[in-house]
Trainee: 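Right, I'll just put the structure down here and ask away after.
Every heavy atom of this structure was used, including side-chain atoms; hydrogens, water molecules and symmetry mates were not. Just so it is clear, the structure is predicted and the values come from calculations on it, not from any experiment.
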Amino acid sequence: MRVLSSQVKDHVGQSVHIEGWLHKKRLLGGLTFINVRDRQGLVQVVIQDKDEVEKLRGLQIGTVLAVDGTVKEEPRAPGGAELHDAKLEVLVPVEAEPPIEIDKPLSHKPDNLDTLFDHRVLGLRNLQEQKVFKIRAGLLRFLRDFLTDHEFVEINTPKILAGATEGGAEVFKVDYFGREAVLAQSPQFYKQIMVGAYERVFEIAPAYRAELSATSRHVSEVYMLDLEMGFIEGHEDVLDMVQDMTYFALTNIYKEFADELKSLNAPELVLKEKFPRYTVAEVHEMYTKATGTDTTKEKDLIPDEERWICDHAKKNEGSDAVFVTHFPVEAMKFYHMVNPDDPTTVMWGDLLFRGLEIATCPQREHHYDKLVEQMKKAGIDPEHPGFKYYLQAFKHGLPAHGGCGFGVDRLVEKTVGLSNVKEAILFPRDINRLTP
RNA sequence: GGGCUCGUAGUGAAGAGGCCUAUCACGCCUCCCUGUCACGGAGGAGAUCGCCGGUUCAAAUCCGGUCGGGCCCGCCA
C-alpha cells in the first residue's frame with residue numbers, strides 16, 4: 001500500500017512503499033540521496049546499493065518512481081525520517097532533459113514571466129509555485145464557507161450570451177451555430193435576477209474581457225466572485241458583508257497557511273474587523289494635498305491614488321484594506337443606484353487591498369420605472385430583446401439589493417505579495433497569451 | 001490605443017565599437033566523492049548574441065525597420 005510523504009515518519013522501523021516523482025538527485029559517491037515528490041511533499045531516500053543507483057543513470061527529474069524501503073528516524077533528514085535499503089522501480093521513465101529547474105526558485109522577474117508561463121506545465125512542479133495555488137484554493141474555500149454560512153446560494157450562470165451586455169468592458173464575440181454570441185464579461189444581470197429567487201446568491205466563475213489592456217493587473221479571462229444580496233437596508237449592508245467576508249478569508253488564510261505565506265515572503269497581514277472608509281472626494285483631497293498632483297477633477301481614482309490611500313490607511317488606520325465610496329454619477333452604470341441624499345454621487349464603493357482595486361460593490365436601482373429611465377439616459381434601448389428577461393425580474397418584484405464583483409486573481413496576487421496578477425493564475429490568458 | 005523599455009547556450013545573468021575564436025552560474029554528459037538538502041571537486045558538450053537591412057577597416061555592442069516580451073497610462077476586477 002502506498003504511504004504518502006507526510007506519513008512516512010509514522011512508520012519508523014517499518015518497510016513502506018512510496019510512489020512519486022524524482023524531484024532531486026544528489027550523488028555523493030558511495031551514498032546517494034534522492035527526493036521523491038508526491039502530493040504532500042518530499043521524501044528523502046538514501047541509496048547505497050550500486051545497482052539501485054545505476055537505475056537512476058540517464059533518468060531525468062520527473063521520472064515516476066516507486067520506492068520500497070525501511071523508514072529510519074534520522075535527525076539529519078528533512079522531516080526527521082528517511083527511507084533506507086531502498087529498492088527503486090521506475091514506473092514511467094523520463095529521459096528528456098527538463099527545460100527548467102524545478103528544485104530552485106523560479107524567476108518571477110517581469111522580464112522572465114514569458115518563460116515562467118511558457119514552461120508552466122513543469123514550473124508548477126516547483127514546491128514554492130504550488131504553494132501559491134494551494135493558497136488560492138484556500139482563499140476560495142474560505143470565501144465559499146463564509147457565504148454559505150451567511151445563507152448565500154451558489155449559482156452557475158451562462159457564459160455564452162446573446163449580445164446585450166452591461167456595457168463597460170469590451171466583449172469577445174463567438175460564433176454560435178452561425179449566430180453571433182458574446183462571452184460573458186460578468187454575471188451581473190443573472191445574479192440580480194436570482195435575487196428574485198433566493199435573496200442571496202453568489203457565483204465564482206470566469207469572466208471574459210476583450211480589453212486591450214497590457215498591465216500587471218489585467219487578464220482577459222478573470223476569475224470573479226460575484227455576490228448579490230436582497231432586502232438590504234442600505235448600501236452599508238453590502239459594504240459590511242464584503243468587509244466581513246474579506247476579513248474572514250484573509251485572517252483564516254494567514255492562520256492556516258502561515259508557513260507557506262512566510263516562505264513566499266508574503267507581507268504581514270495588517271487588518272482590523274472594520275475597514276476604513278473614505279469617499280472618492282476625500283481621497284482626491286488628501287492625495288492632492290499630500291502629493292501636489294491635483295486629482296479633484298478626476299471622476300475615478302487614478303492608480304497612484306489607489307496605492308497612496310492604501311499606504312495611508314496602513315500607516316494611520318492599521319489596515320491593508322480600505323473602502324472608497326461615493327463615486328461620482330459621471331462614472332455610474334445604468335443599473336447603479338444614485339445616492340438619494342446627494343444626486344451627484346452613486347451608492348457605490350470599491351474595496352482596495354494593498355494598493356489595488358479588488359472589488360466594486362454598488363447598490364442597484366431596483367425600481368423598474370427608474371431603471372428603465374436610467375437605461376434610456378445611458379443611451380440603452382430597454383426594448384432590446386437582450387434585456388427582456390433582466391427587466392422581467394424587476395417588473396415582477398425585486399427588493400432593494402446590491403453586491404459586488406470581486407477579483408479572485410487579484411486577491412491571491414496581493415495576499416501572496418506577487419507583482420503581477422498573472423502569477424496568481426495557473427494558465428493566464430492575456431492579449432498575447434492563449435497557451436498553455 | 002498612447003508612451004517608455006528589454007530580446008546573448010535549456011534556464012538565469014555579464015559584456016555597451018577591436019581585449020569576443022562571446023564570459024559566468026545552474027542544468028546536461030563523463031569521472032571522483034558515505035550525510036547531502038542551492039552538496040563539493042575535475043573535465044566535456046551546448047549560442048550563427050530574436051530577425052532583416054544599414055553605418056564602419058571592424059557590430060552582440062551604433063542606426064533604421066521588423067517580430068516577440070515587459071512596465072506605465074487609458075479602461076477595468
Trainee: Where does the angle between the aromatic ring planes of A/Y390 and A/F387 fall among parallel (under 30°), tilted (30 to 60°) and perpendicular (over 60°)?
Mentor: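 Aromatic pair A/Y390/A/F387 classed tilted.
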Trainee: For RNA chain B, whose closest nucleotide is more 5', that of A/K109 or that of A/Q60?
Mentor: A/K109
Trainee: Please determine, for B/A42, whether a Watson-Crick or G-U wobble partner exists with both distances under 3.5 Å, and give it or none.
Mentor: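 Across any shown strand, B/A42 pairs with B/U30.
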Trainee: Report the distance from atom CG of A/L356 to atom C1' of B/C76, rounded to the nearest whole Å.
Mentor: 11 Å
Trainee: What nucleic acid atoms does A/V219 come within less than 4.0 Å of, heavy atoms only: base, sugar-phosphate, or nothing?
Mentor: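 It contacts base atoms.
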Trainee: Would you mind writing out the side-chain donor-acceptor pairs for residues 42-51 of chain A within the sub-3.5 Å range, not counting sequence neighbours?
Mentor:
from	atom 1	to	atom 2	distance (Å)
A/Q44	NE2	A/E82	OE1	2.9
A/D49	OD1	A/D51	N	2.8
A/D49	OD1	A/E52	N	3.2

Trainee: In residues 3-20 of chain A, which ones come under 4.0 Å of RNA chain B, going by heavy atoms?
Mentor: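 Close to the strand, none.
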Trainee: Just how far, in rounded Å, is P of B/A77 from CG of A/L411?
Mentor: 16 Å
Trainee: Looking at every heavy atom in both A/T279 and A/V324, which two are closest together, and how far apart are they?
Mentor: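 Minimum heavy-atom separation between A/T279 and A/V324: C-CG1, 4.1 Å.
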Trainee: Consider only side-chain N and O atoms of A/Q192 and A/H401, and report whether a donor and an acceptor are under 3.5 Å apart.
Mentor: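 Yes, A/H401 and A/Q192 have a side-chain donor paired with an acceptor closer than 3.5 Å.
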Trainee: Roughly how many Å apart are B/U66 and B/C71, using the P atom of each and rounding to a whole number?
Mentor: 23 Å
Trainee: Which whole number of Å gives the distance between the C1' atom of B/A47 and that of B/G27?
Mentor: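 Per the computed distance, 16 Å lies between those C1' atoms.
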Trainee: I'd like to know if the side chain of A/Q374 pairs up with that of A/K377 as donor and acceptor (distance under 3.5 Å, no hydrogens or angles considered).
Mentor: no
Trainee: Taking atom types as modelled and ignoring hydrogens, do the side chains of A/T295 and A/H284 form a donor-acceptor contact shorter than 3.5 angstrom?
Mentor: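 Looking only at side-chain atoms, A/H284 and A/T295 do form a donor-acceptor pair, the distance falling under 3.5 Å.
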Trainee: May I have the list of side-chain donor-acceptor pairs in residues 63-73 of chain A shorter than 3.5 Å, sequence neighbours left out?
Mentor:
from	atom 1	to	atom 2	distance (Å)
A/T63	OG1	A/Q60	O	2.6
A/D68	OD1	A/H17	ND1	3.1
A/D68	OD2	A/H17	ND1	3.3

Trainee: Excluding sequence neighbours, so at least two apart, what forms side chain to side chain donor-acceptor pair (under 3.5 Å) with A/K9?
Mentor: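 With neighbours one apart ignored, the set is empty.
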Trainee: Begin with the C-alpha distance, continue with both residues' side-chain angles, and end with the deciding distance and a verdict on salt bridge (Lys or Arg N to Asp or Glu O under 4.0 Å) for A/K191 and A/E228.
Mentor: CA-CA 6 Å; A/K191 64 177 178 172; A/E228 201 69 24; 3.6 Å; yes
Trainee: For B/U56, give the paired nucleotide (Watson-Crick: N1-N3 plus N6-O4 or O6-N4; G-U: N1-O2 and O6-N3; both under 3.5 Å), or none.
Mentor: none
Trainee: Tell me what A/P99 touches on the nucleic acid: a base, only sugar-phosphate, or nothing, going by heavy atoms under 4.0 Å.
Mentor: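 Sugar-phosphate, no base atom in range.
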Trainee: I'd like to know if A/D240 and A/R277 make a salt bridge, using a cut-off of under 4.0 Å between side-chain N and carboxylate O.
Mentor: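 Counted as a salt bridge, because a side-chain N and a carboxylate O are separated by less than 4.0 Å.
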Trainee: What about A/E101, does its side chain sit under 3.5 Å from the base of B/G12 through a donor-acceptor pair?
Mentor: no
Trainee: Check whether more than 12 heavy atoms from other residues, nucleotides or ligands sit under 6.0 Å from atom CZ of A/F133, and answer yes or no.
Mentor: yes
Trainee: So, for A/K159 and A/E203, which heavy atoms are closest and what is the spacing to 0.1 Å?
Mentor: NZ-OE2, 3.3 Å
Trainee: If B/C4 has a Watson-Crick or G-U wobble mate with both distances under 3.5 Å, name it; if not, just say none.
Mentor: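 Its partner is B/G70 (Watson-Crick or G-U wobble, both distances under 3.5 Å).
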Trainee: Tell whether A/R57 reaches the base of B/C29 with its side chain through a donor-acceptor pair below 3.5 angstrom.
Mentor: no
Trainee: Which nucleotide, B/G12, B/C76, B/U36, lies nearest any side-chain atom of A/E306?
Mentor: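 The closest nucleotide is B/C76.
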Trainee: Under 4.0 Å between a side-chain N or O of A/R217 and OP1 or OP2 of B/C73?
Mentor: yes
Trainee: Would you mind pulling out the nucleotide paired to B/U61, Watson-Crick or G-U wobble, both distances under 3.5 Å?
Mentor: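 The base-pairing partner of B/U61, which may sit in any strand shown, does not exist here.
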Trainee: Provide a list of protein-nucleic acid N or O atom pairs under 3.5 angstrom, restricted to nucleotides 68-71 of chain B.
Mentor:
from	atom 1	to	atom 2	distance (Å)
B/G70	OP2	A/N432	ND2	3.2
B/C71	OP1	A/N420	ND2	2.6

Trainee: Nearest whole angstrom, please: distance from the C1' of B/U34 to the CD of A/E52.
Mentor: 17 Å
Trainee: Any chance you could list the contact pattern along nucleotides 38-47 of chain B? Use B for base contacts, S for sugar-phosphate-only contacts and - for none, protein heavy atoms under 4.0 Å, 5' to 3'.
Mentor: BB--------
